[in-house]
Protein chains: 2
Amino acid sequence: MPLSLDALERRVAGSGHRITAPRRTLLGSMQQLGDHFTAEELAAAAPSVGRATVFRTLRLLQEIGTVCQVILDDGTLEYRLASGGHHHHVVCSACGAVDDFANADIEALLGALASLTGFTIEAHRLELYGRCARCTAPLAATETTAS
Amino acid sequence: MPLSLDALERRVAGSGHRITAPRRTLLGSMQQLGDHFTAEELAAAAPSVGRATVFRTLRLLQEIGTVCQVILDDGTLEYRLASGGHHHHVVCSACGAVDDFANADIEALLGALASLTGFTIEAHRLELYGRCARCTAPLAATETTAS
DNA sequence: ACCTGATTGACACGATGTCTCAGTTACGCT
DNA sequence: AGCGTAACTGAGACATCGTGTCAATCAGGT
């Protein structure tokens, strides 16, 4: 749990938005849901909050950089409390774990791609899919463990 | 127009699927729609084909690698006749142009990221957003691009 | 305590895609 | 050429995910 509820609330307040009971509830639920969650899971975890508010709050938190989207392998969306700053995701296709990473090499590569394509790159998405260390190991040893 | 209708049909047939009138219609419409199109545009361009079939065919063509998805900046999906093979997209946020590119450096970088994250990378998505050469030029004249 | 705009919940709506199912069709086989 | 069968199709109901509307409520500066 890298971010306290307090810190999250301060981020909301600091961005010029109000701290309300539903928002507090949602922030708390997000922490309890852990690493990553769908909008639906969040709505289910906070039944006292209206669906529209769940989506509105998710959008707000994305705008202020407190939450980020993860696009899964199959194209579905999950959300995740962001540690902050620009980063990318690695998603384990076996256990669903999501990790962040930021890599200067990628940003450098984008510069090269800019001249290659003639585009001025303004933004990008990069998502990696694979198996995390924990899920790779048992697979190599005995193929029975998984799924 | 790199791929003839014939070539497209042969790809479908070659993958063990039938050539039917709706599929032929859709392939033709895709070519006429040009570079990239939404499912809805395709459905509108081929009104004789049922909506379900449009989506089914898009899925089929994705599976056999004839069509690929482009995730736009705002998260919406477009489709595109794939030149084939693994590649990435650059999307112009001004005119909507979509370009492909494949880059060995990226694949190399993924190897480095694998050891960095401990993941075994199996797949990835990379989409770039920016302005194509044509859209960058007039902008540079009037206003200096930043960020 | 008061004011006022931000926020909310309920629900209708919209966009995008899938499922079902009875009817049709491609195409390998004879 | 004719047949049989599994693949395919269209129509429309349904599922999922998210947004718009609007009257009621609330946070937080004064």
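As a basis for the values below, the full set of heavy atoms in this structure was taken, side chains included, without hydrogen atoms, waters or symmetry mates. In what follows, every chain begins at residue 1, and chains take the letters A, B, ... in the order their sequences are listed. Please read all numbers here as calculations on a predicted model, not as lab measurements.
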Proximity to the side chain of [X] - top-ranked nucleotide from [options]:
| X | options | result |
| --- | --- | --- |
| A:Thr53 | C:dT8, D:dG10, D:dG28 | C:dT8 |
| B:Arg18 | C:dG9, C:dT25, C:dT7 | C:dT25 |
| A:Tyr79 | D:dG18, D:dG10, D:dC8 | D:dG18 |

Base of [N], side chain of [X] - is there a donor-acceptor contact under 3.5 Å?
| X | N | result |
| --- | --- | --- |
| B:Arg56 | D:dG10 | yes |
| A:Arg59 | D:dG18 | no |
| A:Arg51 | C:dG9 | no |

| message | Centroid separation under 6.0 Å, is that true for the rings of B:His124 and A:His88? | response |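 When the ring centroids of A:His88 and B:His124 are compared, they turn out to be at least 6.0 Å apart.
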Whole-Å distance separating the [atom1] atom of [X] from the [atom2] atom of [N]:
| X | N | atom1 | atom2 | answer |
| --- | --- | --- | --- | --- |
| B:Phe55 | C:dA15 | CZ | C1' | 9 Å |
| B:Leu60 | C:dG17 | CG | P | 16 Å |
| A:Glu78 | D:dG18 | CD | P | 11 Å |
| B:Arg24 | D:dA7 | CZ | C1' | 15 Å |
| B:Leu72 | C:dA15 | CG | P | 17 Å |
| A:Leu58 | C:dT8 | CG | P | 12 Å |
| A:Ile19 | C:dT8 | CD1 | C1' | 15 Å |
| B:Gln62 | C:dT18 | CD | C1' | 14 Å |

| said: On a heavy-atom basis, which atom in B:Leu110 and which in B:Ile121 lie closest, and how many Å separate them? | reply: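 The answer is O-CG1, 4.1 Å.
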| field | First encountered from the 5' end of DNA chain C, between A:Val49 and B:Leu77 | value |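 With B:Leu77 and A:Val49 compared, the 5'-side residue is A:Val49.
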| query | Starting at the 5' end of DNA chain C and moving along, which residue's nearest nucleotide shows up first, B:Glu40 or B:His17? | reply |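 Looking at DNA chain C, the more 5' nearest nucleotide goes with B:Glu40.
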| field | Evaluation steps, side chain to side chain contact (heavy atoms under 4.5 Å, CB included), between A:Leu113 and B:Leu128 | value | CA-CA 9 Å; A:Leu113 289 172; B:Leu128 305 185; 3.9 Å; yes
| query | Can you tell if the side chain of A:Ile71 reaches within under 4.5 Å of the side chain of B:Ile71, non-hydrogen atoms only? | reply |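 They are in contact (side-chain heavy atoms under 4.5 Å apart), so the answer is yes.
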| task | Using a cut-off of strictly less than 4.0 Å, decide whether B:Thr20 has a side-chain nitrogen or oxygen near OP1 or OP2 of C:dA26. | result |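 Checking B:Thr20 against C:dA26: no side-chain N or O falls below 4.0 Å of OP1 or OP2.
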| request: Give a yes or no on whether the backbone of A:Asp73 and the side-chain of B:Arg125 come within a donor-acceptor separation of less than 3.5 Å. | output: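 Judged by distance alone, yes, a pair lies under 3.5 Å.
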Touch check for [X], heavy atoms < 4.0 angstrom, all strands: base, sugar-phosphate only, or nothing?
| X | value |
| --- | --- |
| B:Arg23 | sugar-phosphate |
| A:Ala39 | sugar-phosphate |
| B:Ser48 | sugar-phosphate |
| B:Ala52 | base |

| Between B:Arg80 and B:Val67, is a side chain to side chain contact (heavy atoms under 4.5 Å, CB included) present by the stated rule, with each step listed? | CA-CA 5 Å; B:Arg80 169 164 230 262; B:Val67 150; over 6 Å; no
